[in-house]
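Each chain gets a letter, A, B and so on, in the order the sequences are listed, and its residues count up from 1.
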Number of protein chains: 2
Amino acid sequence: MTTSQSGGSPAGSGDAEKKLRPARTNATKQKLFEASMELIGERGAAGVTVDEIATAAGVSKGTVYYNFGSKSDLIAQLLRHGVDILMARLLSVRDDSADPLAAMEEMIGQAMDFMAEYPSFARLWVSENWRTPSEWQDTFAELRGRLLAVIGSAIDGVAAVYPVDPAVSRGSLETAIFGACFVVGLDRQTYNPERTREQSVAAIMASMRGYVMKQPPAQA
Amino acid sequence: MTTSQSGGSPAGSGDAEKKLRPARTNATKQKLFEASMELIGERGAAGVTVDEIATAAGVSKGTVYYNFGSKSDLIAQLLRHGVDILMARLLSVRDDSADPLAAMEEMIGQAMDFMAEYPSFARLWVSENWRTPSEWQDTFAELRGRLLAVIGSAIDGVAAVYPVDPAVSRGSLETAIFGACFVVGLDRQTYNPERTREQSVAAIMASMRGYVMKQPPAQA
DNA sequence: CTAACTAAACTGACCAGTCAGTTCAAATAG
DNA sequence: CTATTTGAACTGACTGGTCAGTTTAGTTAG
């Protein structure tokens, strides 16, 4: 069970020591992330073998187990890795509060760019996210919460300035927008490559424009 | 590769003879659909064995191969089966054109009910839908087209009566609504069981209300 | 009587995880 | 400056097990 490697095993290391120890390791992990993102996005977590991942990364199978504790662990870290990238992009949108609707629109645009750039991650996410008893259940819950918080605060920004339909719960709207980003992004890549980024953003933004009410602001 | 069964094999029968031949077969197929829908929804197509499906359906493994040519074939027919049910519900909404927005709302409600009743089908759909080279690719393309057509005509119904934002392409909106139904439905079941049907419908309907413009109708 | 189904054994491929051994750059010693 | 040691990083053959699909001889029910 325990990976009793001859040397110290970085497999178990959560996140710490990012500067001192690793020499080749980080480059190797990066290659493994890229290779497995690609393969797993295409054929699913269960449909890809560790050997394939190792070969695609130009590394031996043992190296995968040296760097990660298990296939499952690799995928968990892969999920975190992808979410880190997406989060960074979403947070790059300055909430200058000039117009919260514009901020929202840019966030959705960033999300669409991310889906276009990492479609395999998006596929992995939607493939595994809603499985009921799954390894990664906790991972998903945590990452989902982080992402929804960002979207939620953008919605709050809008609700603070515009009058807003009280019949629409913030939580459901978060979910709808979040989900629409993934689905619209994936659908564009899979079935409608001719669709533009702007069309996609506009379609998702429709729910925000439907959320703000047509009456003039109720002057807080 | 070729399924050379001893007895006459209904395995290859696409859709024809639904009345003449089968005596026990239909009941068995039904049981197999239910069992595999459940299992595959939970653990994914690749994560479930044919033996498990057979046992769960209270049937022998041979029967699975008697009724279906292969695991892959079973899943393809399972997809069609689920879409048939969903389509029937969507089409049950009378397009009385009294208010196309109300019709749209009821359609989304029907979709939410379906997701609540067959969450495993929804999981199967989102898990496999966007895989790039997959068996079932053609099946998905066809079924997706059928479903989008129904939603599209509901959108057209709205666009025929209300003034509508030309910046939002019908295709992207179809996709966004279609996808939101799956994602919101699944999220409700997985992460937010306290969310009501109405909240979910309202969140998805927001995109329709954002699609119709705030100016008074342009009087066709 | 025959289509539908059973039960069980079997094949051949495939795969996650293991482990004994190799490499090599940097540290330490002479 | 050279020799030796250390250990992290990596290798790839191997193991124990699983699984899709097949086959066969017999049973059940319409």
Expressed as a whole number of angstroms, how long is the span from [X]:[atom1] to [N]:[atom2]?
X: B:Leu74; N: D:dC19; atom1: CG; atom2: C1'; value: 16 Å
X: A:Tyr66; N: D:dG7; atom1: OH; atom2: P; value: 12 Å
X: B:Phe68; N: D:dT22; atom1: CZ; atom2: C1'; value: 18 Å
X: A:Tyr65; N: D:dC14; atom1: OH; atom2: P; value: 18 Å
X: B:Lys71; N: D:dC19; atom1: NZ; atom2: P; value: 9 Å
X: A:Asn67; N: C:dG17; atom1: CG; atom2: C1'; value: 15 Å
X: A:Asn26; N: D:dA8; atom1: CG; atom2: P; value: 16 Å
X: A:Ile40; N: C:dA16; atom1: CD1; atom2: C1'; value: 14 Å

With the side chain defined as heavy atoms from C-beta on, A:Thr63 is closest, among D:dT11, C:dT6, D:dG21, to D:dT11
Residues of residues 42-54 of chain A with a heavy atom under 4.0 Å from any atom of DNA chain D, listed by number, are none
Considering just the side-chain nitrogens and oxygens of A:Thr28, establish if one lies under 4.0 Å of OP1 or OP2 belonging to D:dC10. yes
- Query: Does the side chain of A:Ser60 get closer than 4.0 angstrom to OP1 or OP2 of D:dC10 through an N or O atom?
  - Reply: no
- So B:Phe68 and B:Ile75, side chain to side chain contact (heavy atoms under 4.5 Å, CB included) or not? Walk me through it. CA-CA 9 Å; B:Phe68 303 92; B:Ile75 293 173; over 6 Å; no
Interatomic distance, CG@B:Leu173 vs CD1@B:Ile155, rounded to 0.5 Å, equals 4.0 Å
Only residue of A:Leu147, A:Ile108, A:Ile151, A:Leu186 satisfying side-chain contact (heavy atoms from CB on, under 4.5 Å) with A:Cys181 is A:Ile108
Query raised in the report: Which is true for A:Lys61 with a 4.0 Å heavy-atom rule: it touches a base, it touches only sugar-phosphate, or it touches nothing?
Result: base
On a heavy-atom basis, the closest approach of A:Gly171 and B:Arg195 is O-NH2, 3.3 Å
query = Are the side chain of A:Arg197 and the backbone N or O of A:Asp113 linked by a donor-acceptor pair below 3.5 Å?
reply = no
Angle class for the B:Phe178/B:Trp125 ring planes (parallel below 30°, perpendicular above 60°, tilted otherwise)? perpendicular
Original post:
Should the pair B:Phe33 and B:His81 be assigned to parallel (<30°), tilted (30 to 60°) or perpendicular (>60°) ring geometry?
Top reply: parallel
